[in-house]
Amino acid sequence: MLIENKYEKVQSDDLHRIINNLNNAKAVITFADADKANHQMIELVMKALSDEFPQVRFFKTETSAEDPFLKNQGLTNLPVTIFVKGKKIYGWFEGLISKNSIRSRIENLLEV
């Protein structure tokens, strides 16, 4: 399944609905503070990876560490990236990691 809009900006309030509608699809969701420089760095990496993995949906949301969704997951350091299949979170990382590390995590997500 190929996704046309591969790096969608969404509102944090919409995430529960989006995750519930994924069915068996796989997704990468990044939470970032638009005022921080690392937001731009993670966005460049995710845009490039969305081209490499057309079968995965990529979402971004601008938020703060006080975001209720993140707090519910126990995540507090932005940026946060989560890996989802269907309605289940399969992993996450806080902060920035290398593009190759993110690629590896996406490859692992594709295997579940």
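The chain is numbered in sequence order, starting from 1. Since this is a predicted model, take the numbers as computed values, not measurements.
- The side-chain contact (heavy atoms from CB on, under 4.5 Å) test applied to Asn21 returns Arg17, not counting sequence neighbours.
- Note: Met41 CE to Lys99 NZ = 13.0 Å, rounded to the nearest 0.5 Å.
- Here Glu66 pairs with Ser64, Lys71 under the side-chain contact (heavy atoms from CB on, under 4.5 Å) rule; sequence neighbours left out.
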Residues Asn108, Ser104; criterion side-chain contact (heavy atoms from CB on, under 4.5 Å); working and verdict:
CA-CA 6 Å; Asn108 289 339; Ser104 175; 4.2 Å; yes
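- Here Lys60 pairs with Glu43 under the side-chain hydrogen bond (donor to acceptor under 3.5 Å, both in side chains) rule; sequence neighbours left out.
- Within the model, atoms CG of Asp14 and CG of Asn20 stand 12.0 Å from one another, a figure rounded to the nearest 0.5 Å.
- The stretch residues 89-98 participates, sequence neighbours left out, in these side-chain hydrogen bond (donor to acceptor under 3.5 Å, both in side chains) pairs: Ser98-Ser101.
- Applying the salt bridge (charged side-chain N to carboxylate O under 4.0 Å, His left out) test to residues at least two apart or on different chains, the pairs with a partner in residues 101-110 are Glu52-Arg103.
- Residues satisfying the ring pair (Phe, Tyr, Trp, His ring centres under 6.0 Å) criterion with Phe59, sequence neighbours excluded, are absent altogether.
- Rounding to the nearest 0.5 Å places CD of Gln55 at 9.0 Å from CD1 of Ile106.
- In this structure, Asn72 has no side-chain hydrogen bond (donor to acceptor under 3.5 Å, both in side chains) partners at least two apart in sequence or on a different chain.
- Dense packing is recorded around CD of Gln73, with more than 12 heavy atoms of other residues, nucleotides or ligands lying under 6.0 Å away.
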For residues 77-88, dump all side-chain donor-acceptor pairs below 3.5 Å to protein atoms at least two apart in sequence or in another chain.
from, atom 1, to, atom 2, distance (Å)
Thr81, OG1, Thr30, OG1, 3.3

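- In this structure, the separation between CD1 on Ile102 and CG on Leu96 is 8.0 Å, given to the nearest 0.5 Å.
- Minimum heavy-atom separation, Asp67 to Thr63: OD2-OG1, 2.8 Å.
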Review point. side-chain contact (heavy atoms from CB on, under 4.5 Å) between Ile29 and Val10: does it pass, once the steps are laid out?
Key: CA-CA 10 Å; Ile29 305 170; Val10 296; 5.7 Å; no
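- Legend: residues meeting side-chain hydrogen bond (donor to acceptor under 3.5 Å, both in side chains) with Thr61, ordered by chain and number and at least two apart, are absent.
- Between Ala27 and Leu22, the shortest heavy-atom distance links the atoms CB-CD1, 3.8 Å.
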